[in-house]
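None of these values were measured; they are calculated from a predicted model.
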Amino acid sequence: MRDFLLIDDDEAFAAVLMRSLARRGHAAAWARNADEALARAEEQPARILLDLNLDGDSGLRLLPALRAASPDSAIVVLTGYASIATAVEATKLGAVQYLAKPAGADEILAAFGQQAANPALPVAPQPMSLRRVTWEHLQRVLAEHDGNISATARALNMHRRTLQRMLAKKPVKS
């Protein structure tokens with residue numbers, strides 16, 4: 001039985017992370033898409049690391065199927081496009097933690113180790129910037145429309161290409 005199932009479409013990232021986990025004594029399997037992930041999840045890995053963006057598909061859609069296929073596995077969602085909306089959805093769907101890329105093997109292992117809530121977590125001293133609030137809102141509406149850009153653009157009353165340009169930018173830090 002493998003300790004980890006890594007679900008990510010980025011082959012280079014997966015190879016590096018699997019080597020890092022192996023150096024720390026963890027056996028890992030890799031799946032690059034939803035079909036491979038569900039087949040490997042039946043092996044009942046202890047931990048599943050799920051990328052939020054799987055070659056244009058949403059890892060959030062895969063999360064309930066993973067929970068059903070491997071109910072005892074702890075699932076951590078890892079993404080390069082972190083937002084409050086997707087973090088909330090991921091935890092509602094059964095993820096134990098949510099990490100933003102880049103995250104190293106030590107951070108990932110710590111995320112699996114810290115599955116209980118932390119009430120001592122400090123509150124951010126500054127409110128989010130207007131640019132960050134806008135980014136969060138776009139991500140929430142996009143999640144509500146299952147990642148459909150056209151439906152999201154209609155809901156926001158904006159042109160689809162404008163929305164695509166806004167989403168192509170990197171997330172605002174604060």
Single hit among L52, L99, L49, V96 for side-chain contact (heavy atoms from CB on, under 4.5 Å) with V77: L52
Nearest-0.5 Å distance that lies between atom CG in D146 and atom OG1 in T152: 9.0 Å
So which pairs with a foot in residues 70-86 pass salt bridge (charged side-chain N to carboxylate O under 4.0 Å, His left out), sequence neighbours left out? none
For L5 and E43, what are the C-alpha separation, side-chain angles and deciding distance, and is it a side-chain contact (heavy atoms from CB on, under 4.5 Å)? CA-CA 9 Å; L5 171 57; E43 298 170 6; over 6 Å; no
Separation between CZ of R32 and CG of D10, rounded to the nearest 0.5 Å: 11.0 Å
Could you note down all residue pairs passing ring pair (Phe, Tyr, Trp, His ring centres under 6.0 Å) where residues 36-56 supplies at least one of them, sequence neighbours left out? none
Should Q139 and L167 be marked as a side-chain contact (heavy atoms from CB on, under 4.5 Å) after you check the CA-CA gap, both sets of side-chain angles, and the distance that decides it? CA-CA 8 Å; Q139 293 299 317; L167 292 171; 3.4 Å; yes
Heavy-atom distance under 4.5 Å between the side chains of I48 and R40, does that happen here? no
Given side-chain contact (heavy atoms from CB on, under 4.5 Å), test L138 with L142 step by step and report yes or no. CA-CA 6 Å; L138 289 176; L142 185 63; over 6 Å; no
Scan for salt bridge (charged side-chain N to carboxylate O under 4.0 Å, His left out) pairs involving residues 152-163, sequence neighbours excluded, and state none if there are none. none
Residues in side chain to side chain donor-acceptor pair (under 3.5 Å) with D8, at least two apart? K101
Those residues at least two apart in sequence (or on a different chain) that pass side chain to side chain donor-acceptor pair (under 3.5 Å) with R19 are none
Looking at A90 and Y98, what are the two nearest heavy atoms and their distance? CB-CD1, 4.0 Å
Kindly state each residue pair satisfying ring pair (Phe, Tyr, Trp, His ring centres under 6.0 Å) with at least one member in residues 22-76, sequence neighbours excluded. F4-H26
Can you give me the closest heavy-atom contact between F112 and V76, atom names plus distance? CE2-CG2, 3.4 Å
How about I108 and R47: do any of their side-chain heavy atoms sit closer than 4.5 Å? no
Grab the two heavy atoms, one from L21 and one from A28, that are nearest each other, plus how far apart they are. CD1-CB, 4.3 Å
Please report the closest heavy-atom contact between L66 and A37, naming both atoms and the distance. CD2-O, 4.1 Å
Minimum heavy-atom distance G59-L54, with the two atoms named: CA-CD1, 4.4 Å
When L50 is tested against each of L63, L60, T79 for side-chain contact (heavy atoms from CB on, under 4.5 Å), which residue passes? L63
R67: partners by salt bridge (Lys or Arg N to Asp or Glu O under 4.0 Å), with sequence neighbours left out: none
Mind checking salt bridge (Lys or Arg N to Asp or Glu O under 4.0 Å) for D35 and listing every partner two or more places apart, or none if nothing turns up? none
Would you please name every residue forming a salt bridge (Lys or Arg N to Asp or Glu O under 4.0 Å) with R61, sequence neighbours left out? D57
Under the side-chain contact (heavy atoms from CB on, under 4.5 Å) test, residues paired with A85 that sit two or more places apart: S83, R140
Could you check whether any side-chain N or O of Q44 sits under 3.5 Å from a backbone N or O of A69, counting only pairs where one atom can act as donor and the other as acceptor? yes
Salt bridge (charged side-chain N to carboxylate O under 4.0 Å, His left out) contacts touching residues 85-98 (sequence neighbours left out): E89-K92
Looking only at heavy atoms, what is the nearest atom pair of A111 and Q97, with distance? O-CG, 3.2 Å
Mind checking whether M158 and V141 sit in one hydrophobic cluster, side chains of I, L, V, M, F, W, Y counted as touching below 4.5 Å? yes
By salt bridge (Lys or Arg N to Asp or Glu O under 4.0 Å), which residues pair with E107, not counting sequence neighbours? none
Check whether any side-chain heavy atom of F13 sits under 4.5 Å from a side-chain heavy atom of L78, and report yes or no. yes
Spatial distance of atom CG (D3) from atom OG (S73) [nearest 0.5 Å]: 11.0 Å
